[in-house]
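Everything numeric in this text was worked out from a predicted model, so none of it was measured.
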Amino acid sequence: RAIGRAVSLVEDNAPEAATLLEGLDRTRFDQALVLGITGPPGAGKSTLTGALTRRLRRAEKRVGIIGIDPSSPVTGGALLGDRIRMMNHALDPDVVVRSMATRGRLGGICAAAGAAMRILAAGGCEIILIETVGIGQSEMDIIRLADLTLMVLAPGFGDDIQAMKAGILEVADLLVVNKADLPGADKLLLDLATVFTDAAERDLRLLETTAGENKGVATLLERITLLAERCRKDGTLAARRRNAHALETVDWALEMLRPRLTELAEQVEHAPDPRLAAEQLLARFKTGTEI
């Protein structure tokens, strides 16, 4: 309940949020691992998240789950379906599930997701799983936020592999073919194998699971652990977190400016082109001549 209230304060940008975030135990976050789970709808991300959670609990790890759901364009609310799908973990005191709405934000996650994962880490969660909305190729925000990212695909998405090569497939740490018992799984694996030029990397980072039957999940967790250890040793994880901190700072600055910018945009004399109007708007901030 305390974690839930803390996340809500940050989501709502409440006055108490700043004090709360300043008081978090940074050491716990440094020791935690943040795992992003992304991919198109229907790939089985929630099932795989649940299967990983069961495996982690057997290892006596405290797990935090952030499930991002799309917001309604009318009410701003969300179905929060991930919380429904995670109900089998609801009674476990060492699994903390928090559903969050995108609130109209593109990129598959929401502005407060970074703060939420730090709150979960401060609450003792050793591994934090962030499951994104499931909008496919535009989910690049999770790459910037997570320590490691899993791209989950299922048979039937193979035709899109060529188009996706220049995007998230090239930067995801692990490519997972879920629902590997279905027809077309072998072809999808072959298509994904072409993403890698190094055979050793392919063998490490490409694998198949059938999460609904708990097949391949143990191997997946072993690969996650191996990659995490490698990233810690070679400095990749530290570099990613520095970059994530800088980008999240910019994101929050823009988020805080958005209401004021919207208000000013409705008041300024409109230029013939929105880009020119935006330049005029920013000029007011530079010169300190806000309306």
Problem set entry | Met151 vs Pro40 side-chain heavy atoms within contact, under 4.5 Å | yes
Seminar exercise, completed: Between Arg202 and Ala193 the two heavy atoms that sit nearest each other are CD-CB, 3.7 Å
For this session: Carefully, step by step, assess Phe196 and Asp203 under the rule side-chain contact (heavy atoms from CB on, under 4.5 Å).
Result: CA-CA 9 Å; Phe196 303 96; Asp203 293 341; over 6 Å; no
Exercise. Which of these passes side-chain contact (heavy atoms from CB on, under 4.5 Å) with Ile66: Leu129, Leu145, Leu120?
Worked result: Leu120
For this session: Identify the heavy atoms of Pro155 and Gly184 that sit nearest to each other, and give their distance.
Result: CB-C, 4.0 Å
Problem set entry | Arg26 and Asp30 ion-paired at < 4.0 Å | yes
Problem set entry | Option among Arg58, Lys61, Arg62 that satisfies the salt bridge (charged side-chain N to carboxylate O under 4.0 Å, His left out) test with Asp94 | Arg62
Exercise. CG of Leu174 to CG of Leu226: how many Å apart, nearest 0.5 Å?
Worked result: 9.5 Å
For this session: Starting at CG of Leu254, measure out to OG1 of Thr249 and round the result to the nearest 0.5 Å.
Result: 11.0 Å
Exercise. Taking all atoms of both residues into account, what is the closest heavy-atom pair of Arg55 and Ala218, and its distance?
Worked result: CZ-CB, 3.7 Å
For this session: Work out which heavy atom in Thr209 is nearest to a heavy atom in Val217; give both atom names and the distance.
Result: CG2-N, 4.4 Å
Exercise. About how many Å separate CG of Leu227 and CD of Glu201, when rounded to the nearest 0.5 Å?
Worked result: 7.5 Å
Problem set entry | Residue pair Arg241, Val34: steps toward the side-chain contact (heavy atoms from CB on, under 4.5 Å) verdict | CA-CA 10 Å; Arg241 288 198 171 183; Val34 181; 4.1 Å; yes
Exercise. How many angstroms lie between CG in Leu33 and CD in Glu126, if you round to the nearest 0.5 Å?
Worked result: 10.5 Å
Exercise. Taking C-beta and beyond as the side chain, do Ile37 and Leu52 meet within less than 4.5 Å on heavy atoms?
Worked result: yes
Problem set entry | Test: Asp147 and Arg240 ion pair at under 4.0 Å | no
Problem set entry | Residue pair Glu131, Ser99: steps toward the side-chain contact (heavy atoms from CB on, under 4.5 Å) verdict | CA-CA 9 Å; Glu131 183 192 332; Ser99 292; over 6 Å; no
Seminar exercise, completed: Smallest heavy-atom separation, Ala154 atom then Gly42 atom, equals CB-O, 4.3 Å
Seminar exercise, completed: In short, Ala116 meets Met100 closest at the heavy-atom pair CB-SD, 3.8 Å
Problem set entry | Inter-residue atom distance Ile65.CD1 - Ile127.CD1, 0.5 Å rounding | 11.0 Å
Check: residues 17-25 side-chain donor-acceptor pairs under 3.5 Å, at least two apart:
unit_1: Asp25; atom_1: OD1; unit_2: Thr27; atom_2: N; d: 3.0

Exercise. Side-chain heavy atoms under 4.5 angstrom apart, residues restricted to Ile, Leu, Val, Met, Phe, Trp, Tyr: same cluster for Leu281 and Leu257?
Worked result: yes
Problem set entry | NZ/NE/NH1/NH2 to OD/OE distance under 4.0 Å, Arg232 and Glu229 | no
Exercise. Given Val95 and Leu56, is the side-chain contact (heavy atoms from CB on, under 4.5 Å) satisfied, shown in steps?
Worked result: CA-CA 10 Å; Val95 177; Leu56 288 165; over 6 Å; no
Exercise. What distance do Arg54 atom CZ and Thr49 atom OG1 have between them, rounded to the nearest 0.5 Å?
Worked result: 10.5 Å
Exercise. Does Asp198 reach the main-chain N or O of Ala200 with its side chain, forming a donor-acceptor pair under 3.5 Å?
Worked result: yes
Exercise. Do Leu220 and Leu150 touch side chain to side chain, with heavy atoms closer than 4.5 Å?
Worked result: yes
Exercise. Are the side chains of Arg223 and Val176 in touch, meaning some heavy atoms are under 4.5 Å apart?
Worked result: no
